[in-house]
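See below for the structure under consideration.
Just follow the structure's listing: the first ligand is 1, and inside any ligand the first atom is 1.
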Amino acid sequence: MICTQDWTKHELDLVLDLAGRMKRDRFSYSSLLENKTFFMFFYNPSVRTRQSFEVAATELGGHAQFLEPKAMRLKTEKTAGETVEDAAQVMSRYAHGLGIRILEDKVGAYGEGEKLLREYAKWSSIPIISMAHDKYHPCQGLADVMGWSEWLHRGPQYPPDWKKLKGKKLLVTWGHGALARSWCSVQEAMLIGSRYGMDVTVANPEGFDLDPEVLKWTEQNCNKSEAQFETTNHVTNGYKGAHVVYSRHWMSPDAYHDGEFLKQKEVEKALKYPEWICDSKKMALSNNGIYTHPMPIDRGHEVSDEVASGPRSCIYDVAENRLHVQKAIMALTMAGY
Ligand code: CP
């Protein structure tokens, strides 16, 4: 599971369907991962992903093991060490699944993280699951559509109905901020939202365009389901008629240069656009839109407190859904469920 775009719509439906059942009947799947271990390579920090995978493995009767790659003498672009070919094959003899997080300052160029995950997938005989890398964040994307389809149906206490997403408008809008974030979460949201028939609008200031290939795939997904796709550099136009508003800071395409992540330059550049914040005034232009964000939130930059903590914010339900979709992914890939 490196990107939801690699999976068929039917397979994604299976994940969401099982995640919905696991959410409602949380402790009835407690032996699916009996005697099974999920290794987690975290190159970067995490709150939700680490905790939700650990809880997910526990609730399925298995074990999730946290591993810091810097403690493992692995070969990198800059240092000698054990190759992916060797590490992947050895890990496959111990564990039943392997998750990897690698993004932001832990890569020297956009796409290096993706390359590493695909290299592990090539050499492993166990499932490889992205826990967020520089291009995609599939577990987040699945939790997003699960949350949106709950909110746009009868509410998070009821089963999701992802058919309700068809024809709804998703606005993915850049927010200013000091975190210089990777493109993974927003790109995954665009891809999976468009797979579920949503109209997608991407808004950002000039100079902050996302990966052209992902924009093209999103457009193709929209065309397939007769949905609309548009991009804009206007700060408010995209809000008009939006059912789901997703504001998030992301780095510019110039963030990497000569193998270096230029974080300070990115921060200085981004803070020049204070008008790019999701606030109540802009949300009033939407179609009674819900507010979504993968978290952690840079409050006061990406979104106002009033919106993030407001009655139409689905952030905590989406965060909770990480647990349920990851249990479903592990059950389907590691336990042969
Ligand atoms: N959304 C998300 O992946 O959160 P963490 O970075 O805390 O894991």
Side-chain angles (χ1 to χ4, degrees), residues 1-4 15 19 23 38-58 64-69 97-107 113-114 116-117 128-148 150-151 156 170 172-175 177-193 210 244-251 261 263 278 290-299 301-303 308-309 313-330:
M1 175 55 98
I2 294 174
C3 176
T4 56
V15 176
K23 183 170 185 172
F38 180 63
F39 281 164
M40 304 186 295
F41 285 13
F42 275 101
Y43 288 82
N44 302 77
S46 160
V47 172
R48 276 144 294 275
T49 305
R50 178 176 175 185
Q51 316 314 332
S52 56
F53 264 112
E54 289 198 16
V55 173
T58 301
Q65 189 156 319
F66 176 77
L67 293 153
E68 276 190 289
L98 170 61
I100 301 174
R101 163 165 293 201
I102 183 161
L103 38 77
E104 294 167 359
D105 60 322
K106 297 300 183 288
V107 295
E114 166 90 355
L116 183 82
L117 265 92
I128 301 298
I129 301 175
S130 169
M131 300 192 300
H133 61 283
D134 49 2
K135 280 184 104 165
Y136 307 118
H137 195 350
C139 300
Q140 185 64 55
L142 282 155
D144 290 339
V145 290
M146 183 172 171
W148 306 340
E150 290 167 336
W151 271 73
L170 167 66
V172 174
T173 177
W174 188 87
L179 292 178
R181 301 189 202 255
S182 281
W183 295 351
C184 54
S185 300
V186 286
Q187 296 197 147
E188 194 71 57
M190 288 154 45
L191 288 171
I192 194 165
L210 293 163
V244 180
V245 174
Y246 186 136
S247 73
R248 169 88 162 168
H249 173 61
W250 64 76
M251 63 180 71
F261 177 50
K263 181 165 180 173
C278 175
I290 56 172
Y291 178 74
T292 190
H293 190 291
M295 306 182 84
I297 297 178
D298 188 2
R299 285 172 181 253
H301 285 126
E302 295 172 313
V303 60
S309 301
S313 171
C314 67
I315 56 173
Y316 302 128
D317 296 308
V318 165
E320 179 191 330
N321 288 343
R322 292 289 305 277
L323 169 66
H324 309 301
V325 298
Q326 287 158 202
K327 282 170 76 173
I329 292 167
M330 288 200 285

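Every atom of ligand 1 with a heavy atom of R322 under 4.0 Å away is listed here by number and element: 1 (N), 2 (C), 3 (O). Residue T49 has at least one heavy-atom neighbour below 4.0 Å for each of these atoms of ligand 1: 2 (C), 3 (O), 5 (P), 8 (O). The contact set between ligand 1 and V47, taken as ligand atoms under 4.0 Å from a residue heavy atom, comprises 5 (P), 7 (O), 8 (O). The ligand atoms of ligand 1 that sit less than 4.0 angstrom from a heavy atom of P294 are 1 (N).
In terms of N/O distances under 3.5 Å, ligand 1 is not approached by P296.
The closest non-hydrogen atom to atom 3 (O) of ligand 1, taken over H137, H293, R48, comes from H137. Nearest to atom 6 (O) of ligand 1 by heavy-atom distance, out of Q140, R50, R181, R101, is R101.
Contact between A178 and D298 at its shortest, heavy atoms only, is N-OD2, 3.4 Å.
P294 pairs in a side-chain contact (heavy atoms from CB on, under 4.5 Å) with only one of the listed residues (R181, R322, R248), which is R248. Here the options are Y246, W148, W151, the test is side chain to side chain donor-acceptor pair (under 3.5 Å), and the partner is T292; only W148 passes. Checked against F53 for a side-chain contact (heavy atoms from CB on, under 4.5 Å), the options I329, L323, I129 give a single hit: I129.
Checked by atom type and distance alone, the side chain of E188 pairs as donor or acceptor with a backbone atom of T4 at under 3.5 Å.
H133 and E114 share a donor-acceptor pair across their side chains, judged by distance under 3.5 Å alone.
Counting heavy atoms under 4.0 Å from ligand 1, residue M131 does not touch it at all.
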